[in-house]
Every structure is written in C-alpha cells, then in structure tokens.
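Everything below concerns the one structure shown next.
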Amino acid sequence: DVLTTRMKGKLLPATEVTQRKAPGKTRTKLVDTFYGSEIVRWNRRDGKLEPLYDLFELASPDADMFPMAWNSVTGECSGNVSRTGVEYHHVSSISVGSDANYIVASRELSTIWSLAHDGSGVQWTLSSQLASDFMFANPRDAFYQPHDVIELPNGNLLVIDDGTNRPGCYDRVTAECFSRAVMYALDANAAAPNSSALASSR
C-alpha cells in the first residue's frame with residue numbers, strides 16, 4: 001500500500017485569519033473557505049483509495065489559528081465552481097514510523113503528528129504552534145514549517161526545519177530566517193504530572 005494526501009475543502013463562514021507581514025504589522029480578514037488535507041492509503045491491488053485521517057478533525061481553523069503568512073490556493077468544487085481559500089494544513093511529508101505509526105508533518109501548522117497505522121487515532125503531537133504533547137527543552141529548539149520528517153528506529157525524529165514563520169523571520173527582516181536539519185529526542189518520562197513531556201534537539 002502507498003500513503004498519499006488529497007486536498008479537502010471546508011467552509012467556515014467569517015473566520016478571522018491574521019496575515020503576519022512584518023514586525024508589529026499584521027492584517028486580519030474574514031475568510032470562509034479553507035483547504036486542508038486528508039491522509040489516504042492507495043491499495044495497489046485494486047487501485048482504490050482508502051481514507052485514513054481527515055486532518056480537519058485534528059486541527060481546524062475555527063479552533064486553531066495564529067498569525068502567519070498564510071498561502072491562498074484555488075480549488076475546484078462540485079458543479080465546476082472554483083473557490084479561492086486559505087491553504088491550512090499543507091502536509092509536507094508522510095513516512096512510516098518505528099512503532100506501527102505514520103509520521104505526518106504539517107508545514108503550515110508547524111506540527112508533527114504520530115498517527116496509528118490502523119487509523120485509530122493520534123498517538124502524540126509535537127508542535128511549535130498548536131497544543132503539543134511535548135514542550136521544547138529550549139525555545140531555539142522549536143521548528144517552524146517542517147519540510148520533511150522521519151522517525152528513526154530509536155524513536156528520535158529527524159526534521160528538515162525550513163524555518164519560515166520562525167519568530168523574527170519576515171519578508172523584509174530575515175535575521176532569523178534560517179533552515180536546518182535537526183534531530184529531536186522525545187522523552188515522555190521527563191514531564192512532571194499534568195505538564196508536557198520533553199523534546200530536546202541533538
């Protein structure tokens with residue numbers, strides 16, 4: 001079987017979207033159309049696509065928004081109608097993990113999910129923008145707009161961190177605009193009760 005994604009539209013009338021332009025400069029507008037991702041499995045034997053995860057069920061603009069330089073895309077809807085909306089998830093990579101799981105990276109949300117192989121749900125979330133099961137050992141460890149993520153046999157994550165939307169990175173102010181390869185060790189036992197576990201870079 002082969003994993004892939006397909007675009008999925010969602011209508012959320014009058015949702016506030018804040019565009020992050022420059023230090024101290026943002027612009028907020030109301031948007032009703034969003035394009036997200038669905039994880040599907042392609043069965044090569046019968047040529048059929050099997051839906052596994054609708055990522056709008058994991059993160060949705062009506063609950064999970066933050067200032068960013070959001071992209072716009074145009075999609076074809078039923079009835080040959082074209083609608084332009086905000087690109088919300090943008091899955092940049094899917095890979096098979098080390099524990100019967102899929103590792104899914106959302107570029108726009110600066111989020112990595114571990115999803116159960118059988119479609120039963122989220123195992124954990126690591127994010128710089130959304131609610132996360134792990135906290136970063138240092139603020140500089142946080143990634144922004146991951147490009148590619150794989151889980152190594154020991155459970156560590158190897159991430160290509162594009163760095164776009166990093167604090168201090170703007171179109172015209174680029175001092176903090178840098179990309180990097182970074183490896184994270186996830187320590188679920190490092191957290192005190194009722195707090196996040198620890199993600200440290202190596």
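It should be emphasised that the depicted structure is a prediction, and the values quoted were computed from it without experimental measurement. Residues: numbered from 1 along the sequence shown.
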Taking only residues two or more places apart in sequence, or in another chain, which ones meet [X] in a salt bridge (Lys or Arg N to Asp or Glu O under 4.0 Å)?
| X | answer |
| --- | --- |
| Asp32 | Arg83 |
| Glu151 | none |
| Arg20 | none |
| Asp64 | none |

Contact check, side chains of [X] and [Y], non-hydrogen atoms, under 4.5 Å:
| X | Y | value |
| --- | --- | --- |
| Tyr88 | Met65 | yes |
| Thr33 | Thr84 | no |
| Tyr102 | Leu52 | yes |
| Glu38 | His89 | no |
| Thr125 | Leu130 | no |
| Thr26 | Lys21 | no |
| Ile150 | Ile103 | no |
| Ser60 | Leu12 | yes |

Main chain of [Y], side chain of [X]: is a donor-acceptor contact present, judged purely on distance under 3.5 Å?
| X | Y | answer |
| --- | --- | --- |
| Arg44 | Val2 | no |
| Asn138 | Arg140 | no |
| Asp162 | Thr164 | no |
| Thr15 | Asp62 | no |

query: Just wondering, are more than 12 heavy atoms of other shown residues or ligands nearer than 6.0 Å to CD in Glu176?
result: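 Yes, enclosed.
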task: Give a yes or no on whether His147 atom NE2 has more than 12 heavy-atom contacts from other residues, nucleotides or ligands under 6.0 Å away.
output: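 Not buried by this count: 12 neighbours or fewer within 6.0 Å.
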task: Test Asp161 against Arg180 for side chain to side chain contact (heavy atoms under 4.5 Å, CB included), laying out the working first.
output: CA-CA 5 Å; Asp161 174 12; Arg180 61 184 176 175; 2.9 Å; yes
[X] side, atom [atom1]; [Y] side, atom [atom2] - distance, nearest 0.5 Å:
| X | Y | atom1 | atom2 | answer |
| --- | --- | --- | --- | --- |
| Lys10 | Lys8 | NZ | NZ | 8.5 Å |
| Phe134 | Asp141 | CZ | CG | 14.0 Å |
| Leu109 | Gln145 | CG | CD | 9.5 Å |
| Ser93 | Ile160 | OG | CD1 | 10.0 Å |
| Ser92 | Asp148 | OG | CG | 7.0 Å |
| Leu152 | Leu157 | CG | CG | 7.5 Å |

- request: Please collect all disulfide bond (SG atoms under 2.5 Å apart) contacts where either partner lies in residues 134-176, sequence neighbours excluded, each pair once.
  value: Cys169-Cys177
field: Where at least one partner belongs to residues 99-129, residue pairs that pass disulfide bond (SG atoms under 2.5 Å apart), sequence neighbours excluded
entry: none
query: Do Ser127 and Ser132 have side-chain N/O donor and acceptor atoms under 3.5 Å apart?
result: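 No, no side-chain donor-acceptor pair sits under 3.5 Å.
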- request: Under the side chain to side chain contact (heavy atoms under 4.5 Å, CB included) rule, what do Leu186 and Trp124 come out as? Steps first, then yes or no, please.
  value: CA-CA 10 Å; Leu186 305 183; Trp124 49 258; 3.8 Å; yes
Please give me the minimum heavy-atom distance between [X] and [Y], naming the atom from each residue.
| X | Y | answer |
| --- | --- | --- |
| Ala14 | Leu30 | O-CD2, 3.9 Å |
| Val40 | Pro51 | CG1-CA, 3.9 Å |
| Arg166 | Phe178 | NH2-O, 3.0 Å |
| Gly121 | Tyr53 | N-OH, 3.1 Å |
| Ser82 | Glu76 | OG-OE2, 2.9 Å |

For [X], give me all partners under side chain to side chain contact (heavy atoms under 4.5 Å, CB included), at least two apart in sequence or on another chain.
| X | result |
| --- | --- |
| Ser128 | Ser110, Phe136, Ala142, Phe143, Tyr144 |
| Pro23 | Tyr170, Val173 |
| Asp99 | Asn101 |

- prompt: When you look at Leu58 and Leu115, which way does the side chain to side chain contact (heavy atoms under 4.5 Å, CB included) test go after all the steps?
  reply: CA-CA 11 Å; Leu58 307 186; Leu115 306 179; 3.9 Å; yes
field: Evaluation steps, side chain to side chain contact (heavy atoms under 4.5 Å, CB included), between Val31 and Trp70
entry: CA-CA 12 Å; Val31 176; Trp70 295 97; over 6 Å; no
- line: Tracing side-chain contacts under 4.5 Å among Ile, Leu, Val, Met, Phe, Trp and Tyr outward from Met7 reaches Tyr35, Val73
message: Under 4.5 Å side-chain heavy-atom separation, chaining through any Ile, Leu, Val, Met, Phe, Trp or Tyr, what else clusters with Leu11? Say none if it is isolated.
response: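 Under the 4.5 Å side-chain rule, Leu11 groups with nothing.
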- line: Contacts satisfying salt bridge (Lys or Arg N to Asp or Glu O under 4.0 Å) that involve residues 101-120 (not counting sequence neighbours) are Glu87-Arg107
